Amino acid sequence: MISELSQSGSGRPLTIAIVGDVHDAWDSQDEIALKKLGARLVLLVGDFGNESVEVVRAIANMSIPKAVILGNHDAWYTATDWGRKMRPAGSHEDRVQQQIDLLGVTHVGYNKLDFPEFQLSVVGARPFSWGGSVWKYEDFYRTRYHVHSFEESTARIVDAARQTAYDTVLFIGHCGPSGLGDEAEDPCGRDWKPLGGDFGDPDFEAAIAQTRALGKNIPLVAFGHMHHHLRHTNQQLRTALKTDADGTVYVNAANVPRIIRTEEDCLRNFTLVTLKDGAVFQVALVWLNQDLAVQSKQIFYQQPFPVAEAV
């Protein structure tokens with residue numbers, strides 16, 4: 001029998017699902033849906049809820065291979081002074097650590113996870129990111145990670161990338177890297193007043209560049225945080241995808257709400273990436289109906305088919 005490893009090495013396409021900001025919209029049908037879609041690897045980019053331990057527990061128990069990074073809402077009552085004032089009365093347990101413990105090695109914030117069956121590694125950027133060019137929440141990052149600056153954060157990410165077992169590296173972050181544009185509609189653009197400005201993570205951008213300098217192939221960078229529905233207009237959606245000169249595809253998967261329930265139906269979305277021969281072949285947003293059949297598919301990116309040479 002041919003192993004999945006040799007199949008992957010011989011060019012078998014790999015279907016990867018990116019789950020954007022969940023915000024408590026996760027149920028028992030999601031794992032079933034992912035299996036029906038043929039997802040063999042799931043990348044979850046955080047914001048599961050406001051320290052929603054039970055949602056994280058359900059995701060941690062999912063049997064499909066996965067890599068996870070936690071977002072700013074996953075430390076909503078812990079990372080900031082105002083958040084601690086909002087903490088529900090009588091709740092004093094460390095829900096941030098509970099989420100990290102539940103996810104175990106699958107939480108790749110400042111870490112990496114190797115997938116021998118796919119001959120690739122996933123590296124996580126800074127966990128719990130709020131985005132932007134100002135270093136925030138110093139106490140939180142100093143206490144949890146002994147990180148004091150963007151430079152130290154970059155070093156942590158690159159150190160994880162340096163230790164990967166494979167030269168094909170997928171990056172995931174909660175917020176995306178800086179450098180993807182400064183318009184409000186760009187993948188990490190600020191869509192609140194004053195409009196515009198690159199709100200991506202500079203430590204993430206630097207880490208990608210330094211990892212590429214190590215000789216790693218980076219076909220995909222997946223993230224969320226900045227929702228597709230823009231705050232300043234309902235006439236268009238946020239740009240979900242960009243590419244760079246090195247062939248890396250940057251995907252914002254935060255299509256919120258990811259589950260929409262009506263009297264007649266229940267729709268849920270996933271972003272599907274097809275990886276083949278170490279490169280992204282297709283990226284598409286799919287919506288499934290209550291029967292978990294594909295209701296719609298929007299292709300964001302498609303590699304052109306090679307043109308056969310004339311004989």
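Because the structure is predicted, anything quoted here is derived from the model rather than measured.
- Residues Thr78 and Phe140 have side chains in contact (heavy-atom distance under 4.5 Å, counting atoms from C-beta outward).
- Side chains of Gln210 and Thr154: no donor on one and acceptor on the other come within 3.5 Å.
- The side-chain heavy atoms of Lys112 and Ile157, taken from C-beta on, include no pair separated by under 4.5 Å.
- Geometrically, Arg126 engages Tyr141 in a cation-pi contact defined by less than 6.0 Å to the ring centre and at most 45° from the axis.
- The CG atom of Asp167 sits 8.5 Å away from the OG atom of Ser121 when rounded to the nearest 0.5 Å.
- Separation of atoms CG (Leu180) and CZ (Phe204) is listed at 9.5 Å; rounding is to 0.5 Å.
- Taking the six-membered ring for Trp, Trp192 and Phe199 have ring centres closer than 6.0 Å.
- Every residue two or more places apart in sequence or in another chain that forms a side-chain contact (heavy atoms from CB on, under 4.5 Å) with His228 is listed here: Ala240, Asn252, Asn255.
- Using a cutoff of 4.0 Å between basic side-chain nitrogens and carboxylate oxygens, Asp27 and Arg261 are scored as salt-bridged.
- In this model, no donor atom of one side chain and acceptor atom of the other lie less than 3.5 Å apart for Lys216 and Thr168.
- The six-membered or imidazole ring of His73 lies away from that of His174, with a centre-to-centre distance of 6.0 Å or more.
- In plain terms, the two heavy atoms of Glu205 and Ser178 that are nearest each other are OE1-OG, 2.6 Å.
- The heavy-atom pair separating Thr211 from Ala161 by the smallest distance is OG1-CB, 3.4 Å.
- Between Asp30 and Arg258 a salt bridge is recorded (basic side-chain N to carboxylate O distance below 4.0 Å).
- Side-chain contact of Ser153 with Tyr145: a donor-acceptor pair under 3.5 Å is absent, judged by distance alone.
- Across every non-hydrogen atom of Phe171 and Ala207, the tightest pair is CZ-O, 4.3 Å.
- Nearest heavy-atom pair, Gln290 versus Glu264, reported as atom, atom and distance to 0.1 Å: NE2-O, 3.4 Å.
- Counting only N and O atoms by type, the side chains of Asp244 and Tyr250 include a donor and acceptor under 3.5 Å apart.
- For the residue pair His225/Asp21, the side-chain donor-acceptor check at 3.5 Å is not satisfied.
- Panel note: side chain Asp114, backbone Ala165; a donor-acceptor pair is recorded below 3.5 Å.
- Ion pairing between a basic and an acidic side chain is recognised when a charged N comes within 4.0 Å of a carboxylate O; Glu93 and Arg95 show such pairing.
- The backbone N or O of His227 sits less than 3.5 Å from a side-chain atom of Arg238, completing a donor-acceptor pair.
- Listed for the Asp74 side chain is a donor-acceptor partner under 3.5 Å among the backbone atoms of Gly71.
- Looking at every heavy atom in both residues, Gln99 comes nearest to Ser52 through OE1-N, 4.3 Å.
- Gln98 and Asp94 share no donor-acceptor pair across their side chains, judged by distance under 3.5 Å alone.
- Aromatic ring centroids of Tyr137 and Trp130 lie under 6.0 Å apart.
- To the nearest 0.5 Å, the span separating CD1 on Ile69 from OG on Ser129 amounts to 8.0 Å.
- Not one N or O on the side chain of Asp201 forms a donor-acceptor pair closer than 3.5 Å with the backbone of Asp203.
- Counting heavy atoms from C-beta outward, Leu41 and Ile16 have side chains that approach closer than 4.5 Å.
- The CG atom of Asn217 lies 10.0 Å from the CG atom of Leu120; values are rounded to the nearest 0.5 Å.
- No option in Glu185, Arg190, Lys193 other than Glu185 meets the side chain to side chain donor-acceptor pair (under 3.5 Å) test with His232.
- Using a 4.5 Å heavy-atom cutoff, the side chains of Tyr77 and Val96 are not in contact.
- Looking at Lys85 and Thr80, their side chains never bring a donor and an acceptor atom within 3.5 Å of each other.
- Between Lys242 and Asp186 there is a salt bridge, with a side-chain nitrogen of the basic residue lying less than 4.0 Å from a carboxylate oxygen of the acidic one.
- Using a 4.0 Å cut-off between charged side-chain N and carboxylate O, Asp159 and Arg156 make no salt bridge.
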